[in-house]
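The next block holds one structure in the form of structure tokens; read it before the comments.
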Amino acid sequence: MGFIVGDTVTVITEQNGDKIDIEELSRQLACPALKISTLKGTGIDEVVDAAIKATDGEPVVPQHSFSGVVEHALAHIEERLLHDMHAEQQRWYAIKPFENDEKAIEKLNVSKENLEHISQDIKAAED
């Protein structure tokens, strides 16, 4: 899935004297960022090509980065609870206990012992 930087965003940005770094935006979003102008009719072919290319490739799993202590806690949760789960799902389910998502915790069938253990990791990260 791509992100398109269009006319309105570009005009507002350029009026303020700034420029959009498309390469950096692409890197941070982990997907192609494409600059188009519907007024000028530019960039539309590139969007079509990128859409076709995206359907041919491997799906991109978005990755959110957190502070070191939170990443450390997530790693513990993944290791303790999620090692048998597909890699694409591990990150999402590791984040859910931080959100106190009872349905996700229930779906994972987390034992009382494991829940206490990950609660300590979460508390340490929150502190």
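What you see is a predicted model, and the numbers here were worked out from it, not measured in a lab. Atoms considered below: every heavy atom in the structure, side chains included; atoms not considered: hydrogens, waters and symmetry mates.
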Is it the case that over 12 heavy atoms from other parts of the model lie below 6.0 angstrom from the CD atom of Glu99? yes
Taking only residues two or more places apart in sequence, or in another chain, which ones meet Asp49 in a salt bridge (Lys or Arg N to Asp or Glu O under 4.0 Å)? none
Does a salt bridge link Glu106 with Lys103, judged by any charged N lying under 4.0 Å from a carboxylate O? no
Ion pair present between Glu126 and Lys123, side-chain N to carboxylate O less than 4.0 angstrom? no
Between Arg91 and Glu71, does any side-chain N to carboxylate O distance fall below 4.0 Å? yes
Look only at the side chain of His83 and the backbone of Glu79, and say whether a donor-acceptor pair between them is shorter than 3.5 Å. yes
Answer yes or no: are there more than 12 heavy-atom neighbours, outside Glu23 itself, under 6.0 Å from its atom CD? no
Going from NZ on Lys35 to CG on Leu25, what distance comes out if it is rounded to the nearest 0.5 angstrom? 11.5 Å
Heavy-atom closest pair (Ser26 atom, Ala33 atom, distance to 0.1 Å) is OG-N, 2.8 Å
Could I get the full list of side chain to side chain contact (heavy atoms under 4.5 Å, CB included) partners for His117, not counting sequence neighbours? His76, Arg80, Asp121
Side-chain heavy atoms under 4.5 Å apart, restricted to Ile/Leu/Val/Met/Phe/Trp/Tyr: what other residues fall into the cluster of Ile77, or is it alone? Phe66, Val69, Val70, Leu74, Leu81, Leu82, Met85, Trp92, Tyr93, Ile95, Phe98, Ile105, Leu108, Val110, Leu115, Ile118, Ile122
